[in-house]
Peer 1: 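I am attaching a structure below and will ask some questions about it afterwards.
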2 protein chains.
Amino acid sequence: MTLLRVTSKALPEHNRRHNRALLLQTLLHDGAMSRADLARESGLTRVTVSDLVNELSSEGLIDELGPREGAHVGKPAQLIGLNVNAYHVVSLDLSGDERFVGALVAIDGTVVHRLDAPVHGATGDDALSTALGLARDLVKRSTVRVLGIGIGTPGVVDGEGIVISAPNLDWAGIDLPQTFGAEFDLPVHVGNDANAAALALHSYHDAGPDFMVIEIEHGAGAGLIIGNALVTGGAFTAGEIGHLVVDPDGEPCVCGRRGCLEQVVAVPHLRERLRRAGAQRRASVLADAGRALGYAVAPVVAALGLEAVVLCGPADLVEGPFLDSAAATVRSLTLAGTGEGLTMSAAGDDHDLVLRGSAVFVLSAELGVS
Amino acid sequence: MTLLRVTSKALPEHNRRHNRALLLQTLLHDGAMSRADLARESGLTRVTVSDLVNELSSEGLIDELGPREGAHVGKPAQLIGLNVNAYHVVSLDLSGDERFVGALVAIDGTVVHRLDAPVHGATGDDALSTALGLARDLVKRSTVRVLGIGIGTPGVVDGEGIVISAPNLDWAGIDLPQTFGAEFDLPVHVGNDANAAALALHSYHDAGPDFMVIEIEHGAGAGLIIGNALVTGGAFTAGEIGHLVVDPDGEPCVCGRRGCLEQVVAVPHLRERLRRAGAQRRASVLADAGRALGYAVAPVVAALGLEAVVLCGPADLVEGPFLDSAAATVRSLTLAGTGEGLTMSAAGDDHDLVLRGSAVFVLSAELGVS
DNA sequence: CATGGTTTGTTAGTCAAGCTTACGAACGCG
DNA sequence: CGCGTTCGTAAGCTTGACTAACAAACCATG
């Protein structure tokens, strides 16, 4: 049952775009195959597929790879493969405290070339020029056509890509698409860093159609994919769980309240508490933090019927007692039927998730692949 | 930014269906207007609109209402109105403990004719035949074409409309579409009762594109609309928050744990606790229950960036201290930026919500209107 | 080794559904 | 009373999917 309200008109050319995207998508996720295979996979006719393949081929997005290996009856199939280097995306990850990271990313999410630039604490226009410089260097470096610029930034980002607020960078109302668009004649797509990570997991790690990723770094944020779609929330604040209060009697937070999730699980606070506790009580401190996270996550898991939650953050903190305790807590708080199918896992400290997810912003908007 | 993975082919006829639905949708929500108005609203050309209008008119779905009142320059516009009685939906609400309620529902959600049948505690095949009988009577009563049968039932319902489990009715793996389809030559669409309520609020009460409705009756369940779409969850368990533990030291629950949300807020338990506490401590008991609900809801509000939460249940319980305390708790636990835009409200004891939402199951699937 | 069955990809033609262009009908206004 | 404006429709175009039919290339088989 698909219950989605119709809100805009449909034209034949939208149709074509959709089917083009469907073929690219199929080639990306299922690998090279023949036109006839594509027809069977997609439900389109061989004729239509041939036509679309010609179009995509003339744009260089796909390649003819020659006949299929192995013995089969009938005329040998000619394999068609996605040319993952037809375009590269200039991706920026602005979530780091110390450095902004940028990369050229291929269509399959491969990081082709990586650069970074120090920021340590720079904010406002300084941070903006650092990001611009990074993009400039990457565009210069690129050996193939650039499809666009994808930016994953901390903070709240609206539907147009304007950063409504990013306290760490002291940004408010920063129009990144305009700023970058003025210098580069390329489409620019911007999103929240945790949302980027969620998209990367969705597109490149088969995380499933419904899951939540929780980023534990300097702060704590979440990204949600529901029904194969990113959840942004009406005011674009979905995933902003850092200042959810998990312990009303906890330590004071910069936001003025006490016991925010960020106070309990964010890396700086957690490391400080571990230091104070000493090696002996390390596991217990981590388990306590995991339990607090579990209390915050359980209602979301139950309400959305989530089957997967992924934790991202420093492996030495996130994996082990922290994850185990969080998972056990969620299971113990949710109904057997709901919590049983739950897989909680750690994606380690994979900073490339944000980079590759930022590329998905662009790939999804420009080519329809994700 | 629309980030939704492409998963199936698009054909020209889907296009047509989509645009038909768009016109119906526009007429439903914005009222009668001329073909030219429809063209402006929808973005389609006047020619295309005229063609679609002819098609819809010949099916009796819309009516020509004559010229528009008032003086305007140019040729007078001929108003076109949705014929909300072109079809009726046979809707069943199986969520009651005492009685199943059924109704003939018009396209605009108006309840045209209502029937009910006692069940008090009947389960299994008995409950099923009661529901079938109700549908039979309603089909007999209908004076206009019946578009289909929509059923809102407690429990977990899969994508095909099969009731995977509904403990109250002692149902497991009950294929309602098949059972009803065998007797009635009509499309049958089945969903969870809380989801039906959510759809009714979405379609007929402008509840917005993202919100959660919490049904507090014999149990406690939630329905979620995210991005104008109903959230079902991978295992169709979204909204099953009744056995979320909100108080690990609370009273034992039938599920074997302690302090489930249902133990705290469900009507029978809440009434019993009020009885024991006496009139004097009534407000305090209600506030306590509201607070517990708030603790469960806050993480969901933060994670999804929700701007609206609606409580449904007996007005004497839900409105007042319960709602106030729940709202205050959610606000106090979520970040200012997130919680500030939050509207928590009570829809009272509007049992028709489930009936009308069950009609939306059918209207949405068959006509594309919601 | 010729023949037949199978699979692939293409060619030719059809159909559906949107679009643009153009026009008659009906109004208010000067 | 003519003029500009708006509405709805008619005619023809374009896009993009479809079906039907076919040539090419392979395997199997007598």
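All chains are named by letter (A, B, ...) in the order of the sequence lines, taking the proteins before the strands, and each is independently numbered beginning at 1. When reading the values below, keep in mind they use all heavy atoms of this one structure, side chains included, and skip hydrogens, waters and symmetry mates. Fair warning: this is a prediction, and the values are worked out from it, not measured in the lab.
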Peer 1: Measure the shortest side-chain to side-chain distance between A:L61 and A:I107 over non-hydrogen atoms and say whether it is less than 4.5 angstrom.
Peer 2: yes
Peer 1: Which atom pairs, donor and acceptor, lie under 3.5 Å between side-chain atoms of residues 63-84 of chain B and protein residues at least two apart or in another chain?
Peer 2:
| unit_1 | atom_1 | unit_2 | atom_2 | d |
| --- | --- | --- | --- | --- |
| B:E64 | OE1 | B:R35 | NH2 | 3.1 |
| B:R68 | NH2 | B:D37 | OD2 | 2.4 |
| B:N83 | OD1 | B:N85 | N | 3.1 |
| B:N83 | OD1 | B:A86 | N | 3.4 |
| B:N83 | ND2 | B:G60 | O | 3.2 |

Peer 1: If you look at every heavy atom in A:V369 and A:L28, which pair is closest and at what distance?
Peer 2: CB-CD2, 4.4 Å
Peer 1: Please examine the side chains of B:L306 and B:I226, heavy atoms only from C-beta on, and report whether any two atoms are closer than 4.5 Å.
Peer 2: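 Of all side-chain heavy-atom pairs linking B:L306 with B:I226, at least one is under 4.5 Å.
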Peer 1: Measuring only between side-chain heavy atoms, which start at C-beta, is A:L353 closer than 4.5 Å to A:L199?
Peer 2: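 Side-chain contact under 4.5 Å: no.
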Peer 1: Would you indicate whether the side-chain heavy atoms of B:R16 and B:D51 approach each other to under 4.5 Å?
Peer 2: yes
Peer 1: Tabulated below should be each protein N or O lying under 3.5 Å from an N or O of nucleotides 15-18 of chain C; please produce it.
Peer 2:
| unit_1 | atom_1 | unit_2 | atom_2 | d |
| --- | --- | --- | --- | --- |
| C:dG18 | OP1 | B:N19 | ND2 | 3.0 |
| C:dG18 | OP2 | B:R16 | NH1 | 2.3 |

Peer 1: With a 4.0 Å cut-off, would you call B:E41 and A:K9 a salt bridge?
Peer 2: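 Looking at B:E41 and A:K9, the cut-off is not met.
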Peer 1: Which of residues 24-40 of chain A have a heavy atom under 4.0 Å from DNA chain D?
Peer 2: none
Peer 1: Looking at every non-hydrogen atom in both residues, tell me the closest pair between A:A359 and A:V105 and how far apart they are.
Peer 2: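 That would be CB-CG1, 3.7 Å.
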Peer 1: May I ask you to test the A:N19-A:N15 pair for a side-chain heavy-atom distance under 4.5 Å?
Peer 2: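 Heavy-atom side-chain distance check passes, below 4.5 Å.
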Peer 1: Before giving the answer on side chain to side chain contact (heavy atoms under 4.5 Å, CB included), spell out for A:V89 and A:V146 the whole-Å C-alpha distance, their side-chain angles and the decisive distance to 0.1 Å.
Peer 2: CA-CA 6 Å; A:V89 175; A:V146 175; over 6 Å; no
Peer 1: Restricting to non-hydrogen atoms, name the atom on A:E160 and the atom on A:P177 that form the minimum distance, rounded to 0.1 Å.
Peer 2: O-CG, 3.2 Å
Peer 1: Restricting to non-hydrogen atoms, name the atom on A:V190 and the atom on A:G161 that form the minimum distance, rounded to 0.1 Å.
Peer 2: CB-O, 3.6 Å
Peer 1: Would you list the protein and nucleotides 22-28 of chain C atom pairs, both N or O, that sit under 3.5 Å from each other?
Peer 2:
| unit_1 | atom_1 | unit_2 | atom_2 | d |
| --- | --- | --- | --- | --- |
| C:dA26 | N3 | B:K75 | N | 3.2 |
| C:dC27 | O2 | B:G74 | N | 3.2 |

Peer 1: Decide yes or no for A:R40 and A:M33: does some side-chain heavy atom of the first lie under 4.5 Å from some side-chain heavy atom of the second?
Peer 2: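 No, side chains not in contact.
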Peer 1: Ignoring hydrogens, what is the shortest heavy-atom contact between A:Q25 and A:S370? Give both atom names and the distance.
Peer 2: OE1-N, 2.9 Å
Peer 1: Compute the bend angle of the helix from C:dC1-D:dG30 to C:dG30-D:dC1 from the end axes (five pairs per end), rounded to 10°.
Peer 2: 10°
Peer 1: Determine, for A:R20 against A:E59, whether the closest basic-nitrogen to carboxylate-oxygen distance falls under 4.0 angstrom.
Peer 2: yes
Peer 1: Name the first nucleotide and the last nucleotide along DNA chain D (5' to 3') that come under 4.0 Å of a heavy atom in chain A.
Peer 2: D:dG16 to D:dC27
